[in-house]
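In listed order, ligands and their atoms are each counted from 1.
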Amino acid sequence: MKTLDAFLAESAVEPSLNDVIRRIATCCEAINQQLQRGELAGILGSAGADNVQGETQKKLDVIANDMLKEALQACPQVRGIASEEEDEVVAANLKGQYLVTYDPLDGSSNIDINSMVGTIFSVLKGQGDGPVSEQEFLQPGRDQAAAGYVLYGPSTMLVFSTGDGVSMFTFDPATNDWIQTVERVALAPDTKEFAINMSNQRFWAEPMQNYVADLLQGSDGPRGKNFNMRWVAAMVADVHRILCRGGLFSYPWDSRKPDQAGKLRLMYEANPMGMLVEQAGGEAWTDSGRILDIQPEKIHQRVPVILGSSEEVKCCVEYHQR
Ligand code: AHG
Ligand code: MN
Ligand code: MN
């Protein structure tokens, strides 16, 4: 069984990029420790403030953000960072080669019920050594140097890609090592499982309504098979399940906030998850195109998301193209 350090030492990836990934993993070990102590660490509940997106911050959103910010600012390879919980991009070490975007705590509504949460990260190439600006971060997802997440579940897992497949590592609390437990993730092309927040059904656009209505008809409907549904309300956990056993995940546009393209954020949710899913053999779309081809316009931009098993994603996209 290979440790993360052995895996990184053998990889063909630049040591500087491996260093960034290692530091994120180490920081997530510390976030994991806080999560494991839960109420005992005094980390549950609201922080009493809203973030730039108008969402109430949990204490742990703020704590995890600060921990990652500190870890990445201490990394000489990192030029700048952008976080869900930071209004603006933040400078780190201007001579560094990389930019990191992250969602420090994904699935915040699960914190207080002791349910699964995660951390999502995306690594981009920096451009120059002048002052860091938002503009520099606005690169399409296909240019990500690396992407990954840590899932804080019954066991803690690190899943990432540097553009040559997806590996999974399980944290061993006895040795404080990350051990590679899946060498190369292969996402099944077909599925009978979907993940969507059904309570928003009446607000979706017609193509999504029609697609899900046909899934729900099961073997009596046009799809001719029965579908199962799962929704953890933490994208990391839902995507992890899909990488493990297939499925389709969507957070579509809905009419509750018609001016907002979707709920999920492009640069630290949709792009990194899109890269992982594609690297595992799946597809990642908005309702009109490939997520990784979007030219970002701002750091906290939102997008509709449809990703997972390739054939099922194509089927859902066809409903939108009809
Ligand atoms: P975050 O906690 O980082 O704001 O992200 C939550 C996201 C995503 O993880 C999840 O899929 C979705 O919001 C859940 O939304 P609902 O509460 O509408 O189900
Ligand atoms: Mn999130
Ligand atoms: Mn978050």
K.L.:
Kindly give the heavy-atom pair with the smallest separation between Met67 and Ala30, and that separation in Å.
P.N.:
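That closest heavy-atom pairing would be CE-CB, 3.4 Å.
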K.L.:
Closest to the Mn ion (ligand 2), which N/O/S atom of Glu269 is it?
P.N.:
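Checking each N, O and S atom of Glu269, the shortest distance to the Mn ion (ligand 2) belongs to OE2.
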K.L.:
Do Asn32 and Thr156 have a side chain donor and acceptor closer than 3.5 Å?
P.N.:
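Their side chains do contain a donor-acceptor pair, which is all the 3.5 Å distance test asks for.
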K.L.:
Can you list every protein residue that has a heavy atom under 4.0 Å from any atom of ligand 1, sorted by chain and residue number?
P.N.:
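Close residues (ligand 1, cut-off 4.0 Å): Glu55, Glu84, Asp103, Leu105, Asp106, Gly107, Ser108, Asn197, Trp231, Ala233, Ala234, Met235, Phe249, Tyr251, Lys263, Leu264, Arg265, Glu269.
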K.L.:
Of all the heavy-atom pairs spanning Leu243 and Ala280, show the shortest one and how long it is.
P.N.:
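It is CD2-CB, 3.8 Å.
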K.L.:
Around atom CG of Asp164, are there more than 12 heavy atoms of other residues, nucleotides or ligands at under 6.0 Å?
P.N.:
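No.
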K.L.:
So which heavy atom on Gln34 is nearest to which on Ile43, and how close?
P.N.:
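Answer, listing the atom of Gln34 first, then Ile43: O-CD1, 3.1 Å.
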K.L.:
How about the Mn ion (ligand 3), which protein N, O or S atoms come within less than 2.8 Å?
P.N.:
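For the Mn ion (ligand 3), the protein N, O and S atoms that sit under 2.8 Å away are Glu84 OE1, Asp103 OD1, Leu105 O.
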K.L.:
Report the residues that fulfil ring-ring contact (aromatic ring centres under 6.0 Å, His included) with His300, sequence neighbours left out, ordered by chain and then residue number.
P.N.:
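Testing His300 for ring-ring contact (aromatic ring centres under 6.0 Å, His included), a comparison that skips the adjacent residues, returns Tyr268.
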K.L.:
If you measure from the Lys or Arg side-chain nitrogens to the Asp or Glu carboxylate oxygens, is any gap between Glu312 and Arg223 under 4.0 Å?
P.N.:
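Counted as a salt bridge, because a side-chain N and a carboxylate O are separated by less than 4.0 Å.
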K.L.:
For Tyr211, which residues count as a ring-ring contact (aromatic ring centres under 6.0 Å, His included) partner, sequence neighbours excluded?
P.N.:
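ring-ring contact (aromatic ring centres under 6.0 Å, His included) check on Tyr211 returns Tyr319.
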K.L.:
Could you tell me whether the side chains of Asn51 and Glu85 share a donor-acceptor contact shorter than 3.5 Å?
P.N.:
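Their side chains do contain a donor-acceptor pair, which is all the 3.5 Å distance test asks for.
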K.L.:
For Glu14, does the CD atom have more than 12 heavy-atom neighbours from other residues, nucleotides or ligands under 6.0 Å away?
P.N.:
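Enclosed: over 12 neighbouring heavy atoms sit under 6.0 Å from CD of Glu14.
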